[in-house]
Protein chains: 2
Amino acid sequence: MSPATGTRYYTIGELASDFDVTTRTIRFYEEAGLLSPARQGQQRIYQESDRVKLKLILRGKRLGFSLAESRELIEQYDPISGNRSQLNALLRKIEERRETLRQQMLDIQLMQTELDAVAKRCHDALATLPDTQQEKRKLTGK
Amino acid sequence: MSPATGTRYYTIGELASDFDVTTRTIRFYEEAGLLSPARQGQQRIYQESDRVKLKLILRGKRLGFSLAESRELIEQYDPISGNRSQLNALLRKIEERRETLRQQMLDIQLMQTELDAVAKRCHDALATLPDTQQEKRKLTGK
DNA sequence: GGCCATGTTGACGTTAACGTAAAGGTTACC
DNA sequence: GGTAACCTTTACGTTAACGTCAACATGGCC
């Protein structure tokens, strides 16, 4: 294979601006054991695998996962190097997480229903509002 | 209408056990302006509307909403008593929240895909594992 | 060689969302 | 009338997830 295997490296600053987080955040994730970038001398250098992990972390955040939970997910992601019982434990955890996701899916649908209801009442209220001259002017573009 | 309009009252303890939270949590939500139960003397008394709000809060929590965000939702829920621009602002916020939900929906689907992949690799690893005598016994039911 | 951008390691500060403990007030029961 | 099971307020403690600031190193460039 040629070296064109897409093996690019990133500085912490690039990563930060790419994912719209601060460098402090990225270092904090490392402290918390979620990332472990290579080094050249003092400096951290990040690879694609680190980007994948960061993406997982941030996606988890948007779903309300704690960093500890995301770390589990990441640890599971990398090395399929366990014995039978470890692998089975992992499968059980995966099922748990699936269950959480199912619940969240449900919650989202219920939330959407709520929002629809509020929006409807909102529109109704707007419709019954006596529109003032000022409002009329705004609507017709002055 | 008869008094059978389902107007039941609840103590803080009932609410807590019904929703599986502590009384501290419920009082905290009140401090934070999310609930404002009636009182008889010193004691708080909760009604159906309070249950609805609490349900919204907890659902929000499962989706990673902050209490401040849930409070907004609740404030919106109750009084359609605004003027035109308030109502329009409300509608914009609803759209924002819908966008968040859409993103979360996407995140969930991506997460599920990840989980599928990990599970698959997990199963593969299990299949290629040399199963020991002990493992065989377990599988065949001793 | 000075400066600027970017990196590094501490270390302390902050916010949200409660937990926990203290001290006391009701009502119900035996 | 005591004690048990609730409720109340007040207040300090805790954890997660960073923010912020200081003090210093490093590489490029003019």
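Side-chain atoms are counted along with the backbone in the values below, which use heavy atoms only and exclude waters and symmetry mates. Because the structure is predicted, anything quoted here is derived from the model rather than measured.
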*Between A:Thr22 and B:Glu14, just flag the one whose closest nucleotide in DNA chain D comes earlier from the 5' side.*
B:Glu14
*Heavy atoms under 4.0 Å, any strand shown: does B:Arg27 hit a base, just sugar-phosphate, or nothing?*
base
*Is B:Phe19 linked to B:Tyr10 within one hydrophobic cluster, defined over Ile, Leu, Val, Met, Phe, Trp and Tyr using a side-chain heavy-atom separation of less than 4.5 Å?*
yes
*Shared ILVMFWY cluster between A:Ile74 and A:Val52, side chains joined below 4.5 angstrom?*
no
*Going by atom types only, do A:Gln103 and A:Asp107 share a side-chain donor-acceptor pair under 3.5 Å?*
yes
_Just by distance, no angles: are the side chains of A:Glu14 and A:Tyr46 close enough, under 3.5 Å, to form a donor-acceptor pair?_
no
Whole angstrom is fine here: how far is it from [atom1] in [X] over to [atom2] in [N]?
X	N	atom1	atom2	value
A:Glu31	D:dT15	CD	C1'	15 Å
A:Phe19	D:dC18	CZ	P	15 Å
A:Phe28	C:dG13	CZ	P	17 Å
B:Ile26	C:dT20	CD1	P	16 Å
B:Lys61	C:dA16	NZ	C1'	11 Å
A:Tyr10	C:dT6	OH	P	18 Å
B:Ile45	C:dT26	CD1	P	17 Å
B:Gln42	C:dA23	CD	P	19 Å

*More 5' along DNA chain C: B:Gln43 or B:Leu67, using each one's nearest nucleotide?*
B:Leu67
Quick one: is [X] getting a side-chain N or O under 4.0 Å of the [N] phosphate, OP1 or OP2?
X	N	result
B:Thr11	D:dC7	yes
A:Tyr29	D:dC18	yes
A:Thr25	D:dG19	yes
B:Arg44	D:dT8	yes

*Per A:Arg24 side chain, nearest of listed nucleotides C:dC18, C:dA11, D:dA17*: C:dA11
*Which nucleotide in C:dA17, D:dT9, C:dG7 has an atom nearest any side-chain atom of B:Ser66*: C:dA17
*Below 4.0 angstrom, N of the basic side chain to O of the carboxylate: do A:Lys120 and A:Asp124 qualify?*
yes
